[in-house]
Amino acid sequence: MAKDQHNPARYTITAALPYTNGPIHIGHLAGVYVPADIYARYLRLTGNDVAFICGSDEHGVAISMKAKKEGVTPKEIIDKYDGIIRKSFEEFGITFNNYSRTSRDIHHKTTSDFFKKLYEQGDFIEKTTEQLYDSEAKQFLADRFVVGTCPKCGHEEAYGDQCENCGSTLNATDLINPKSTISNAVPTLKETKHWFLPLDRHEDFLKEWILESHKSDWKPNVYGQCKSWIDDGLKPRAVTRDLDWGIPVPVEGGEGKVLYVWFDAPIGYISSTKEWAEREGKDWEPYWKSEDTKMVHFIGKDNIVFHCIIFPAILKAHGGYILPDNVPANEFLNLEGNKLSTSKNWAVWLHEYLQEFPDMQDVLRYTLTANAPETKDNDFTWKDFQARNNNELVAIFGNFINRVVVLTNKYYEGVIPNPSEFSKVGDFGYAKKIPDNYIKFPRTLPFSGSWPKINEFSTFGQQVPSR
RNA sequence: GGCGAGGUAGCUCAGCUGGUUAGAGCGUCGGAUUCAUAAUCCGGAGGUCGGGGGAUCGUGCCCCCCUCUCGCUACCA
């Protein structure tokens, strides 16, 4: 079936899977979940078939490491945060059709099958390389889990990937007196074999698909980032890791290794869709395989390469899958002038907000939408939060609605009068534009420029009775 | 360091392929009003469009240099 951009048969909307090493904060909401939810709600209200898909991302070395440090199992970590995240989304009112977990069987099987199929088709290459190894903990180390003295500035607690003191990018092997953050052992180099996805093989299709067909409809930050990757020349990317936490590599020689979390996470969108379809008695396949489906990935700007280059390459290699029509990556939200940070505990956590501001979901939704970081990083301040609530939601919009009710009761005995009387009131040019301004806006991405209209609209409404 | 995206009124943002006095919402100042006055309506003031060069009859928008922020550059996600 031919794809009709303006009238797709159904929509598959995904929101980045939250990583379960911490709760959800306002930055996640502003950049991903609130815009995705607005889009999904709008499409449903206008009669579209929508699958709004999400779930917890529960694998990866960061969770494994966190568990080790806290002396608990990875399972305990993911259960804890999946619980908090799941509950806070529910209470906040993000209307996912399904919220799954990448630790579930359905996801392990889906991902495993995906890997096997690519493996059998010869879509991977195998390479043996030398990696840093902690012989005490018996574990390979990612660069960030090695600390030592920075060779450039002498800072004694530089990470293997970057020195936070002087900001320079490092290789873990450059550090003076390197040691593992797990056991304090001195890392050694050890050989290991991994499977790589040769992105260079997919360069031609990515070039055409992104650089040519999405030059004008993708956001500049997304397009620019993709172009940068493609122009630099794509390289093979490892899709397996030496780790005991994750989805086991399902082919010969993969013992003791797991799939790279970024290989399995996006496939989580697919398994979550399957889970939903099973529960609802639907067929999941059209949502991922039919050309008349429109798929949109909502993500933060740090995820662009995975959703625009790597995942599409995986889908394309597999065959039979559609690719996203758009990937509206948002920028980041700061809090009172500083970067949000889970590890530094600098954030407004959603579950805490819900406790401290009961029944005030809409206030936060409004503030985060009005202040959405669509083209650049924005700053959330409590002062602004207060001002938007008091001045805009309560004073302008709230008063307008209240006034409509008061006047309707007072002059029309509570019954909405016949609209024909409006013809006496003169210029209604603005009213005629309302459908364009309010009904159509979320059809295009991003949503920028739509929010001030709630105030304009209220002002217009306030003027009417005096005419 | 390399690459990408940003730096437009006090705040949050628009500004199409360069073309009359750079726009909106909120805030601010002044006036009006009553069905909402811990509100609303009307009007005004506020920008050398990050800085410096250049090309052009003419640029916020093009070219060069510099600067600040964030992201990617890594086996963190």
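Chain letters run A, B, ... following the sequence lines, proteins first, then strands; residues in each count from 1. In what follows, every heavy atom counts, from backbone to side chain, and hydrogens, waters and symmetry copies are set aside.
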When syn is taken as a glycosidic angle within 90 degrees of 0, is B:G4 syn or anti?
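In terms of base orientation relative to the sugar, B:G4 is anti.
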
Which of these nucleotides, [options], is closest to any side-chain atom of [X]?
{"X": "A:Ala395", "options": "B:C35, B:U40, B:C70", "value": "B:U40"}
{"X": "A:Asn391", "options": "B:A77, B:G27, B:U12", "value": "B:G27"}
{"X": "A:Val61", "options": "B:G27, B:C70, B:C76", "value": "B:C76"}
{"X": "A:Glu392", "options": "B:U12, B:C26, B:U73", "value": "B:C26"}
{"X": "A:Asn399", "options": "B:A39, B:G25, B:C35", "value": "B:A39"}
{"X": "A:Phe306", "options": "B:A77, B:U40, B:C76", "value": "B:A77"}
{"X": "A:Thr375", "options": "B:C26, B:U40, B:A14", "value": "B:A14"}

Tell me: [atom1] of [X] to [atom2] of [N], nearest whole Å?
{"X": "A:Ile182", "N": "B:C76", "atom1": "CD1", "atom2": "P", "answer": "13 Å"}
{"X": "A:Leu141", "N": "B:A74", "atom1": "CG", "atom2": "P", "answer": "18 Å"}
{"X": "A:Lys219", "N": "B:C70", "atom1": "NZ", "atom2": "C1'", "answer": "13 Å"}
{"X": "A:Arg144", "N": "B:U73", "atom1": "CZ", "atom2": "P", "answer": "12 Å"}
{"X": "A:Ile230", "N": "B:U73", "atom1": "CD1", "atom2": "C1'", "answer": "16 Å"}
{"X": "A:Phe332", "N": "B:A5", "atom1": "CZ", "atom2": "P", "answer": "17 Å"}
{"X": "A:Tyr159", "N": "B:A74", "atom1": "OH", "atom2": "P", "answer": "20 Å"}
{"X": "A:Glu336", "N": "B:C11", "atom1": "CD", "atom2": "C1'", "answer": "13 Å"}

Checking side-chain polar atoms at under 3.5 Å, does A:Gln225 have a donor or acceptor matched by the opposite partner on A:Ser228?
no

Can you tell me which residue pairs pass the side chain to side chain donor-acceptor pair (under 3.5 Å) test with a partner in residues 302-312 of chain A, sequence neighbours excluded?
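Residue pairs passing side chain to side chain donor-acceptor pair (under 3.5 Å), neighbours aside: A:Tyr269-A:His307.
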
Does NZ or CZ of A:Arg144 fall inside the cone over A:Tyr159's six-membered ring, less than 6.0 Å from its centre and within 45° of the axis?
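A:Arg144 over A:Tyr159 ring: no.
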
Think A:Lys339 forms a cation-pi with A:Phe332, using NZ or CZ under 6.0 Å from the six-ring centre and within 45 degrees of its axis?
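Output no; distance or angle outside limits.
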
So that I can compare with my own list, what are the stems of RNA chain B, taken as at least three consecutive Watson-Crick or G-U pairs with distances under 3.5 Å?
B:1-7 with B:67-73, B:10-13 with B:23-26, B:28-32 with B:40-44, B:50-54 with B:62-66

With rounding to whole Å, what would you report as the distance between [N] and [M] at their [atom1] atoms?
{"N": "B:U17", "M": "B:C61", "atom1": "P", "answer": "13 Å"}
{"N": "B:G27", "M": "B:C62", "atom1": "P", "answer": "34 Å"}
{"N": "B:G51", "M": "B:C11", "atom1": "P", "answer": "15 Å"}
{"N": "B:C49", "M": "B:G6", "atom1": "C1'", "answer": "14 Å"}
{"N": "B:C57", "M": "B:U20", "atom1": "C1'", "answer": "15 Å"}
{"N": "B:U69", "M": "B:G15", "atom1": "C1'", "answer": "22 Å"}
{"N": "B:U48", "M": "B:A22", "atom1": "P", "answer": "12 Å"}
{"N": "B:U59", "M": "B:G53", "atom1": "C1'", "answer": "15 Å"}

Does [X] reach a base, just sugar-phosphate, or nothing at all? Heavy atoms under 4.0 Å.
{"X": "A:Asp302", "answer": "base"}
{"X": "A:Thr381", "answer": "nothing"}
{"X": "A:Ile396", "answer": "sugar-phosphate"}
{"X": "A:Asp231", "answer": "nothing"}
{"X": "A:Phe140", "answer": "nothing"}
{"X": "A:Ala142", "answer": "sugar-phosphate"}

With sequence neighbours excluded, tell me which residues meet side chain to side chain donor-acceptor pair (under 3.5 Å) with A:Lys257.
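A:Lys257: side chain to side chain donor-acceptor pair (under 3.5 Å) contacts with A:Thr192, A:Asp242.
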
Could [X] and [Y] be called an ion pair, given the rule that one side-chain N must be under 4.0 Å from one carboxylate O?
{"X": "A:Glu76", "Y": "A:Lys80", "result": "no"}
{"X": "A:Lys207", "Y": "A:Glu212", "result": "no"}
{"X": "A:Glu331", "Y": "A:Lys376", "result": "no"}
{"X": "A:Lys138", "Y": "A:Asp134", "result": "no"}
{"X": "A:Asp37", "Y": "A:Arg365", "result": "yes"}

Between [N] and [X], is there an OP1 or OP2 to side-chain N/O distance shorter than 4.0 Å?
{"X": "A:Ser64", "N": "B:C76", "value": "no"}
{"X": "A:Lys339", "N": "B:U69", "value": "no"}
{"X": "A:Lys376", "N": "B:U12", "value": "no"}
{"X": "A:Asn402", "N": "B:A39", "value": "no"}

Look at the side chain of A:Asn371 and the backbone N and O of A:Thr367, then say whether any donor-acceptor pair between them is shorter than 3.5 Å.
no

Donor-acceptor check, side chain of A:Asn334 to backbone of A:Gly337, threshold 3.5 angstrom: yes or no?
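Absent.
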
Report all interatomic pairs (protein N or O, nucleotide N or O of nucleotides 2-4 of chain B) with separations under 3.5 Å.
from : atom 1 : to       : atom 2 : distance (Å)
B:C3 : O2'    : A:Ser228 : OG     : 2.5
B:G4 : O2'    : A:Gln225 : N      : 3.3

Looking at A:Ser112, A:Ser100, A:Ser271, which hits side chain to side chain donor-acceptor pair (under 3.5 Å) with A:His107?
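The single option meeting the side chain to side chain donor-acceptor pair (under 3.5 Å) with A:His107 is A:Ser271.
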
Which residues pass the ring-ring contact (aromatic ring centres under 6.0 Å, His included) test with A:Phe263, not counting sequence neighbours?
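Counting only residues at least two positions away or on another chain, A:Phe263 forms a ring-ring contact (aromatic ring centres under 6.0 Å, His included) with A:Phe115.
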
Report each atom pair, protein N/O against N/O of nucleotides 42-45 of chain B, whose distance is under 3.5 angstrom.
from  : atom 1 : to       : atom 2 : distance (Å)
B:C42 : OP1    : A:Gln463 : NE2    : 2.3

Rounded to the nearest 0.5 Å, how far apart are CG of A:Leu243 and CZ of A:Phe140?
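With rounding to 0.5 Å, CG (A:Leu243) is 11.5 Å from CZ (A:Phe140).
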
